[in-house]
Amino acid sequence: MNLLAELRRRFHRALDGLCDDPSEYTSMVRPAQDARFGDFQANCAMPLGKATGKNPREVAGELVDRLDVGELCESPEIAGPGFINLRLRDDWLVAETSRMLSDPRLGHHAVETPRHVVIDYSSPNVAKPMHVGHLRSTVIGDALARVFRFQGHRVTADNHVGDWGTQFGMIIQGYRNFLDPAAYSAEPVAELSRLYRLVNRVAGYHDKRAALPGNRETLEERRLALAELEEAIAGGDKSRKGDAKKLRAEVAGLAELVSSDEAEVAAVEADAELATVAAGHPDIAEASRAETARLHAGDTENRGLWEEFLPPCLEVMESVYRRLGITFDLTLGESHYQPMLAAVVESLQTQGLASDSEGAVCVFIEGNDAPFIVRKTDGAFTYATTDLATIRYRVEELDADEMLYVVDARQGEHFRLLFETARQWGYADVEFAHVSFGTVLGDDRRPFKTRSGDTVGLESLLDEAVARARGIVDENDDGKPDGPELDESTRAAVAETVGLGGIKYADLHHNRESDYQFSWDKMLATNGDSATYMQYACARILGIFRRGEINRELLRDEPPAIVLEDDAERALAMALNRFADAVDITVVERRPNVLTGYLFETANTFSTFYNTCSVLKEEDPARRLSRLALCDLSARVFETGLELLGIASCDQM
RNA sequence: GCGCCCGUAGCUCAGUUGGAUAGAGCAGCGGACUUCUAAUCCGCAGGUCGCAGGUUCGAAUCCUGCCGGGCGUGCCA
């Protein structure tokens, strides 16, 4: 049963008549913070007392009188200023746990009114190799798609890949000038990505070289100005301290820019091949832009190349998804929307939403300085236009009720403008949400930037995780009391499951809004608060069933009486019964870390149970059966929960 | 300049939208494997929730001002 929702319904009824809007108060019913206060607590009497001018403890008393939770809870207790503490009745917990045993959904009720939710995630640029920066959107989006589906919604997972951008101009440019035909026929995608990096780097080299003198000059100017300021301050003019601080920051930033640009310029010039290319192609960036423009304009040659490049690129991308167990219902890239863009702009203009400004066509949203540019001065459309066309397509063709964009927080402003434009454009009934996540930081605590040539490729990250996991699998299995249990192929499979699970979990268990410090050790950790912890709990449970030759199906078909005499037993039953709530909250908040938190807590409760309550050796047959039932449920909660996060579990480890 | 976000234990992070004595993991210290897998469990230690005010029965959470950091900011996506 979705317990929290049920309790809130009961409170809603009790509150009806005591206040104008009960739903304002029902969210104040929540799990107890401290086991001493019972299982749940309601904090609504205090604010309600304030609103009505009554004594909060009296309000609590009145509320308790009207509250009907008889078969669920012991009689509620009022504590402190007016907290209402609830403890579930053991007989109810026992009955509900039995019911859960024969329920494939583990007590979770799906929503009554499903919505069609399009979830937009991963969305890498085709032809640029995937790196760790792509992980968050992919992993969070996949988890949300799974949880929303479980919740009963209709989900369309859409990979809005970048397949139409300037990177193709660069690749075409590279293909025409620097292709290694042998490499291309052997491994087309690797060669294309080499070409992309080459062109991108050389273009960057020219940009940096061109910008350097100006930047050096500005830096010198600022340094002088700063020196003057500091002199003035030293002379007693404290009022300019703020200015000095800003200037100091600017100087530091500029100095860093100049030195990193100098380093890059020197690096390119020191490399014989790069230097030759750079010298021979001073306007490579401009040429690449021209190739992109020709592609967009429908040039048959470029279009042909694009059509040649795209399939192998998509295939390589797919292979990474396959390994990660991530699937999409749709992969509609930017190119898919190209034919619709002109009509979008036209429609916006007709409705008076978009207007000309400095030669571009823009939508201005009140309260925002930045314009939402839907057509550039040169006539090209922007990703704003594409995103609007995508919304139109998803509503008109896919019949979407809701769209979630799992995208970096840095694009927050873009989405604010996009959603507001869409609403005014005629999609006010659709729910839009930017499911934003924080920046991936490097070891130096600064934003993880993919400096060319120095990226942590996604594939190598996965390989490393699996290799490390394999080491631990071997060590653990070799050290088992009765000797090793796993054969070679099982060990390899376990290492894959544990390694990939660890990477996903490392990402999911953070609050997605916070920035995130990339760390090999934590990403690959297999102890503590990690996916391995749940996988290990599963493996131990299945070990009990194997060793005891227990028929789990029978356990479910004929649920035994549940006995909750030991504290660890009751705590475990309680935790298991919170599964439905954890799923509900994860969906409402669109935050997978709610689910990871629940799973870790429950697995911890299980581990305590495992260490204090023997199962197979329990002599009382009733308790033994009851504990077997708790084990079966625990394993299913962990398996299901991990699956909702896109993480596989292990039978043996 | 303007806008958005962040500052919680040595480190990395939670904190269910204003609730009771602020919690985990890692690292540290001390215990628990002849008993279902020790990738585990139990315990100890560790905090002026950046600072200062304010709002109220009650603030890590809300408002204001500072300090420190990140990001975005008219034609990249």
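Chain A is the first sequence line, chain B the second, and so forth, proteins listed ahead of strands; every chain is numbered from 1.
At the heavy-atom level, A:Pro47 lies under 4.0 Å from base atoms of the strands shown.
With hydrogens and angles ignored, a donor-acceptor pair closer than 3.5 Å exists between the side chain of A:Ser357 and the base of B:rG74. A:Ser614 contributes no side-chain N or O that forms a donor-acceptor pair with the base of B:rC36 under 3.5 Å. For B:rA39, its base never sits under 3.5 Å from the side chain of A:Tyr536 at any donor and acceptor pair. Looking at A:Asn476, its side chain comes within 3.5 Å of the base of B:rA39 through a donor and an acceptor atom.
A sub-4.0 Å separation between OP1 or OP2 of B:rC41 and a side-chain N or O of A:Asn604 is present.
Taking the C1' atom of each, B:rU40 and B:rG53 are spaced 49 Å apart, rounded to whole Å. Rounded to a whole angstrom, the distance from the P atom of B:rG47 to that of B:rC11 is 12 Å. Taking atom P in both B:rC33 and B:rU16, one finds a spacing of 40 Å when rounded to whole Å. Straight-line distance between the C1' atoms of B:rG58 and B:rU21: roughly 14 Å, to the nearest whole Å. Comparing B:rG54 with B:rU61, their C1' atoms are spaced 15 Å from each other, to the whole Å.
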What's touching nucleotides 33-35 of chain B from the protein side, N or O pairs under 3.5 Å?
{"residue": "B:rU35", "atom": "O3'", "partner": "A:Lys617", "partner atom": "NZ", "Å": "3.2"}
{"residue": "B:rU35", "atom": "O2'", "partner": "A:Lys617", "partner atom": "NZ", "Å": "2.3"}

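Residue whose closest nucleotide on RNA chain B sits further toward the 5' end, between A:Tyr533 and A:Ser514: A:Ser514.
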With both pairing distances under 3.5 angstrom for Watson-Crick or G-U wobble, and | for a partner in another strand, the correct string for RNA chain B is (((((((..((((.....[...)))).(((((.......))))).....(((((..]....))))))))))))....
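Note that the CD atom of A:Glu549 and the CG atom of A:Leu616 stand 10.5 Å from one another [nearest 0.5 Å].
Centroid-to-centroid, the aromatic rings of A:Trp164 and A:His336 stay 6.0 Å apart or farther.
Ring geometry for A:Phe606 against A:Tyr610 counts as tilted: the plane angle lies between 30° and 60°, on a 0 to 90° scale.
In this structure, A:Arg578 satisfies the cation-pi test against A:Phe40, with its NZ or CZ atom closer than 6.0 Å to the six-membered ring centre and inside 45 degrees of the ring normal.
Minimum atom distance to the side chain of A:Glu413 is reached by B:rG72, of the listed B:rG72, B:rC42, B:rA77.
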